[in-house]
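All remarks here apply to the structure that follows.
It should be emphasised that the depicted structure is a prediction, and the values quoted were computed from it without experimental measurement.
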Amino acid sequence: MSEEKTEEKPASPADDLVTTQHSITVKGRELNYTATTGRIVLKEEVLKDGVFEGHKPKAEVFVTTYTLDGADPLKRPVTFAFNGGPGSASVWLHMGLLGPRRVLSGDVGDLTAPPYGIADNEESLLAESDLVFIDPVSTGYSRAAEGEKPGNYHGYQPDIESIAEIIRLWTSRNGRWMSPKFLCGESYGTLRAAGLAEHLQKKYGMYLNGLMLISSVLDFATLEFNEGHDLAYTLFLPTYAAIANYHGLHGDRPLKEVLAEAEEFAVRDYPYALARGNRLTDVERAATIEKLARLTGLSEEYVDAVDLRIEHIRFFTELLRRDRRTVGRIDARFTGWDTDYGREGISADPSIDAILGPYSAVLNHYLHAELGYSSDLPYEVLARVIEQWSYKEFEGRHVTTAGKLSAAMRANPHLKVHVAFGWYDGATPYFAAEHLIAHLQIPKELTANIESAYYPAGHMMYVHEPSRIQQSEDLAAFVRNSSNT
């Protein structure tokens with residue numbers, strides 16, 4: 001008689017957090033801190049035919065946290081940080097700006113050669129705030145749970161909900177509901193942060209002290225070059241002028257002088273010229289072409305050929321074509337080579353090429369060798385999910401969380417916002433973010449809750465060492481002044 005075989009169910013995934021102890025000296029002050037890194041299992045309540053069937057694992061989200069030993073949790077701030085993409089892990093903010101250890105990557109004209117370097121970050125925000133770095137599903141070591149679809153998290157709303165749940169879990173498990181709380185996002189992470197601020201308030205009643213928006217984009221309409229939509233052409237113009245100035249195409253004119261001229265043109269005569277279309281007179285068109293060419297460093301022939309509308313990827317390809325160089329989109333201080341110089345668009349971003357290697361190598365070394373976390377999974381620095389990212393919540397309209405940020409500020413008048421701009425950021429231009437901030441639907445008295453900081457660098461402005469030091473000081477001051485303890 002044969003034995004009846006019973007099918008064994010696979011064990012449910014469990015958190016695999018690793019804890020280590022460290023110390024660092026920041027401005028003469030020794031900080032002893034605890035690092036915890038690993039994956040937190042994200043579960044969802046399961047209802048079938050109206051019957052509760054428990055909590056089912058849906059994803060495993062990778063986090064790295066730093067908490068100061070001996071601190072009072074009622075007074076000690078905590079900052080939840082993430083990058084953007086969508087599809088980017090938190091490595092950039094973690095190892096470039098905020099964390100207690102940082103990448104030594106070099107900068108324009110003096111890039112560090114492999115195998116790169118790592119050092120204490122003596123300007124770490126850990127001096128002012130505990131830190132929680134979150135990698136969204138499919139980035140870093142974060143993955144969907146066994147039997148689940150990663151694509152279920154590749155969209156605006158599920159991304160917001162999953163990150164919010166990780167924030168709630170960490171806050172509850174660590175007894176930090178009474179701590180001052182901050183979000184720090186970069187790029188798409190700023191759109192996420194604005195959405196999270198409103199979601200955390202409505203879903204959990206979790207009110208924040210502040211948002212740190214680095215290289216901000218809260219409204220895609222300010223960045224999209226679509227037919228019949230001219231706004232982005234005007235908002236990118238001051239960044240084009242800054243980039244041309246950096247590459248010596250304005251002679252010895254000071255940057256501030258160039259930007260003042262570009263900004264005035266971008267809000268007055270340039271929108272008028274684009275709006276006139278074929279009603280623009282020959283004299284007006286010639287004057288517009290001359291002004292655009294002078295500000296952007298492009299030829300009048302080129303500006304005329306593109307009908308006064310300069311798209312950003314074409315700009316990075318065209319600006320230094322005569323020198324057989326391309327210009328970085330993420331950071332236009334970087335230049336590179338291409339396969340040929342008749343192209344309409346760069347085949348690669350030289351600024352990403354310059355920093356991807358150092359950040360990837362250092363992060364992988366750091367997690368394994370210093371924080372003691374082991375995994376055979378590849379750490380996905382830049383996961384290829386952007387093409388499949390769903391914005392179904394915005395069907396028939398452009399993607400924006402400006403209204404959500406406005407709602408969060410109106411409901412929580414103590415919410416402070418810090419916005420950081422890079423003059424040479426060709427991905428999220430500063431003037432577009434300024435435009436968005438100026439149109440937030442908040443009462444005039446709440447505009448004092450918003451502060452701005454500008455740096456002579458690009459999208460990851462902390463790649464530039466003077467900018468990194470200044471930005472670290474600016475963020476530390478923002479957390480101190482906004483904690484209300």
Side-chain angles (χ1 to χ4, degrees), residues 14-15 17 19 31-45 55 58-82 90 93-94 98-99 125-136 142 157 159-185 189 192-213 401 404-405 407-418 449 475-476 478-485:
D15 297 353
L17 302 173
T19 299
L31 305 178
N32 297 312
Y33 64 94
T34 299
T36 303
T37 190
R39 301 202 293 180
I40 296 175
V41 178
L42 190 63
K43 298 180 180 180
E44 292 182 6
E45 296 181 10
H55 293 85
K58 291 290 186 177
E60 297 173 80
V61 178
F62 188 74
V63 299
T64 301
T65 71
Y66 303 98
T67 55
L68 187 68
D69 296 344
D72 182 353
L74 298 182
K75 296 182 179 179
R76 176 72 174 168
V78 57
T79 298
F80 300 92
F82 34 76
S90 62
L93 287 174
H94 184 181
L98 303 178
L125 190 61
L126 183 62
E128 301 293 338
S129 171
D130 290 343
L131 304 169
V132 180
F133 295 96
I134 304 171
D135 291 340
S142 298
Q157 191 61 34
D159 175 75
I160 291 285
E161 291 174 354
S162 61
I163 300 299
E165 179 64 0
I166 290 296
I167 291 172
R168 184 195 69 82
L169 283 173
W170 190 92
T171 301
S172 296
R173 291 176 180 178
N174 291 275
R176 302 301 294 271
W177 273 88
M178 295 295 285
S179 299
K181 287 178 282 295
F182 296 82
L183 301 183
C184 182
R192 176 189 290 134
L196 275 170
E198 191 233 20
H199 182 81
L200 288 168
Q201 287 181 187
K202 284 190 171 182
K203 178 74 172 178
Y204 304 126
M206 183 183 288
Y207 281 47
L208 304 170
N209 289 72
L211 303 182
M212 291 169 263
L213 307 180
T401 55
K404 295 183 180 298
L405 176 57
M409 294 183 70
R410 293 195 304 268
N412 175 14
H414 301 290
L415 179 63
K416 304 295 175 60
V417 181
H418 173 94
N449 286 8
L475 294 180
F478 175 73
V479 169
R480 280 195 304 272
N481 296 334
S482 307
S483 293
N484 299 321
T485 56

*Considering all heavy atoms of both residues, which atom of L31 and which atom of A127 are nearest to each other, and what is their separation?*
CD1-CA, 3.7 Å
*Answer yes or no: is there a donor N or O on one side and an acceptor on the other, between the side chain of N412 and the main chain of A408, under 3.5 Å?*
no
*Do R176 side-chain atoms and R76 backbone N/O form a donor-acceptor pair below 3.5 Å?*
yes
*Nearest non-hydrogen partners of A194 and L405, listed with the distance*: CB-CB, 3.9 Å
*Would you say S90's side chain and D135's backbone share a donor-acceptor pair under 3.5 angstrom?*
no
*If you measure from CG on D130 to CG on N174, what distance do you get to the nearest 0.5 Å?*
9.0 Å
*V479 vs M212, side chain to side chain contact (heavy atoms under 4.5 Å, CB included): CA-CA, chis, key distance, verdict*: CA-CA 9 Å; V479 169; M212 291 169 263; 3.9 Å; yes
*Check whether any side-chain heavy atom of R173 lies under 4.5 Å from a side-chain heavy atom of I40, and answer yes or no.*
yes
_Quick check: do L196 and L208 have side-chain heavy atoms less than 4.5 Å from each other?_
no
_For Y207, all residues meeting side-chain hydrogen bond (donor to acceptor under 3.5 Å, both in side chains), sequence neighbours excluded_ = none
*Between L42 and S162, is a side chain to side chain contact (heavy atoms under 4.5 Å, CB included) present by the stated rule, with each step listed?*
CA-CA 8 Å; L42 190 63; S162 61; 3.6 Å; yes
_Could you measure the distance from the NE2 atom of H418 to the CG atom of N449? Nearest 0.5 Å is fine._
14.5 Å
*Supply the atom-to-atom distance L213 CG to C184 SG, rounded to the nearest 0.5 angstrom.*
8.5 Å
_Checking side-chain polar atoms at under 3.5 Å, does D69 have a donor or acceptor matched by the opposite partner on T34?_
yes
_Residue pair R192 / I160: nearest heavy atoms and the distance that separates them_ = O-CD1, 3.4 Å
*Are H199 and E161 close enough, and set up right, to give a side chain to side chain contact (heavy atoms under 4.5 Å, CB included), and what steps lead you there?*
CA-CA 8 Å; H199 182 81; E161 291 174 354; 3.9 Å; yes
*For N209, which residues count as a side chain to side chain contact (heavy atoms under 4.5 Å, CB included) partner, sequence neighbours excluded?*
P180, F182, N484
*asked:* Any side-chain to backbone donor/acceptor pair from S172 onto L169? Under 3.5 Å, distance only.
replied: no
*Check: K181 side chain, S179 main-chain N or O, donor-acceptor pair, under 3.5 Å*: yes
*Distance (rounded to the nearest 0.5 Å) between M178 CE and D72 CG*: 10.5 Å
*Contact summary for G189 and F82, nearest pair of heavy atoms*: O-CE1, 3.2 Å
*State which residues pass side-chain hydrogen bond (donor to acceptor under 3.5 Å, both in side chains) with T64; sequence neighbours excluded, sorted by chain then number.*
T37
*Heavy-atom side-chain contact between W170 and E165 under 4.5 Å*: no
*Report yes if the side chains of N32 and L68 come closer than 4.5 Å at any heavy-atom pair, otherwise no.*
no
*Which pair of non-hydrogen atoms, one from D159 and one from P136, has the smallest distance, and what is that distance?*
OD1-CB, 3.8 Å
*Is the backbone N or O of T65 less than 3.5 Å from a side-chain atom of T36, with the two atoms forming a donor-acceptor pair by type?*
no
*Between G175 and P73, which heavy-atom pair has the shortest distance, and what is it?*
O-CB, 4.2 Å
*asked:* Test side chain to side chain contact (heavy atoms under 4.5 Å, CB included) on L183 and T79; report intermediate values, then the result.
replied: CA-CA 6 Å; L183 301 183; T79 298; over 6 Å; no
*In Å, rounded to the nearest 0.5 Å, how long is the span from OG1 of T171 to CZ of F80?*
3.5 Å
*May I ask you to decide whether D15 forms a salt bridge with R39, counting only side-chain N to carboxylate O separations under 4.0 Å?*
no
*OH/Y66 to OG/S129 distance, rounded to the nearest 0.5 angstrom?*
13.0 Å
